[in-house]
Amino acid sequence: MPQRPVVVDEFALRFTSPPCGARLARRLISHRLNEWDHPYTSAANETVTLIAAGLTANAVRHGHVPGRDFHLRLATPGQTVWAELRLPTPAGAP
């Protein structure tokens, strides 16, 4: 059975669904990656920030439910950076 890689650094936060939540998420992601030795101008920082910005913008635009937030998680198992976005579950969903 494959083993899960050990996560070295992790950042997880809940953001509000208005557009300011997506902007804040993008800024915090870039800052966190810089702290994890992926400088602002590096390809890794720019790429992960761009991907996460797209995910959060879509969460705000298409998953906007007043009073429900979205969750963003970044993790670095080794040299890989994982980005995970969780949207709120609609009312009545299993």
Side-chain angles (χ1 to χ4, degrees):
M1 186 163 174
Q3 300 238 343
R4 296 184 87 183
V6 176
V7 174
V8 176
D9 293 307
E10 183 175 16
F11 168 73
L13 200 57
R14 186 173 69 186
F15 295 91
T16 59
S17 55
C20 63
R23 285 191 302 271
L24 179 60
R26 183 177 58 243
R27 291 183 60 134
L28 290 175
I29 290 163
S30 184
H31 288 305
R32 184 61 54 145
L33 290 169
N34 183 63
E35 290 175 3
W36 291 347
D37 296 325
H38 299 287
Y40 293 113
T41 57
S42 70
N45 190 309
E46 291 177 356
T47 301
V48 174
T49 299
L50 181 63
I51 290 168
L55 290 172
T56 57
N58 285 339
V60 167
R61 184 169 189 170
H62 302 292
H64 178 71
V65 177
R68 291 195 177 165
D69 303 336
F70 62 91
H71 302 265
L72 179 69
R73 177 179 172 258
L74 291 179
T76 59
Q79 293 297 315
T80 304
V81 178
W82 288 346
E84 173 184 298
L85 181 87
R86 288 187 292 131
L87 296 173
T89 305

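Between His31 and Tyr40 the shortest side-chain heavy-atom distance falls below 4.5 Å. Contact of the Thr76 side chain with the Val81 side chain is registered, since non-hydrogen atoms from C-beta on lie closer than 4.5 Å. In this structure the side chain of Pro39 never reaches within 4.5 angstrom of the side chain of Asn45, judged on heavy atoms.
Taking CZ of Phe11 as the reference point, atom CD1 of Ile29 lies at 7.0 Å (rounded to 0.5 Å). Rounding to the nearest 0.5 Å places CD of Glu35 at 9.5 Å from CG of Leu28. Taking CG of Leu13 as the start and CZ of Arg73 as the end, the distance is 13.5 Å to the nearest 0.5 Å. In this structure, the separation between OG1 on Thr56 and CZ on Arg23 is 10.5 Å, given to the nearest 0.5 Å. Here Glu10 contributes atom CD and Arg32 contributes atom CZ; the two are 10.5 Å apart, rounded to the nearest 0.5 Å. The distance from atom OG1 of Thr49 to atom NE2 of His38, rounded to the nearest 0.5 Å, is 10.5 Å.
The minimum heavy-atom distance linking Leu72 with Ala25 is given by the pair CD2-CB, 4.2 Å.
Clustering ILVMFWY residues whenever any of their side-chain heavy atoms sit less than 4.5 angstrom apart, transitively, puts Ile51 in the very cluster that holds Phe70.
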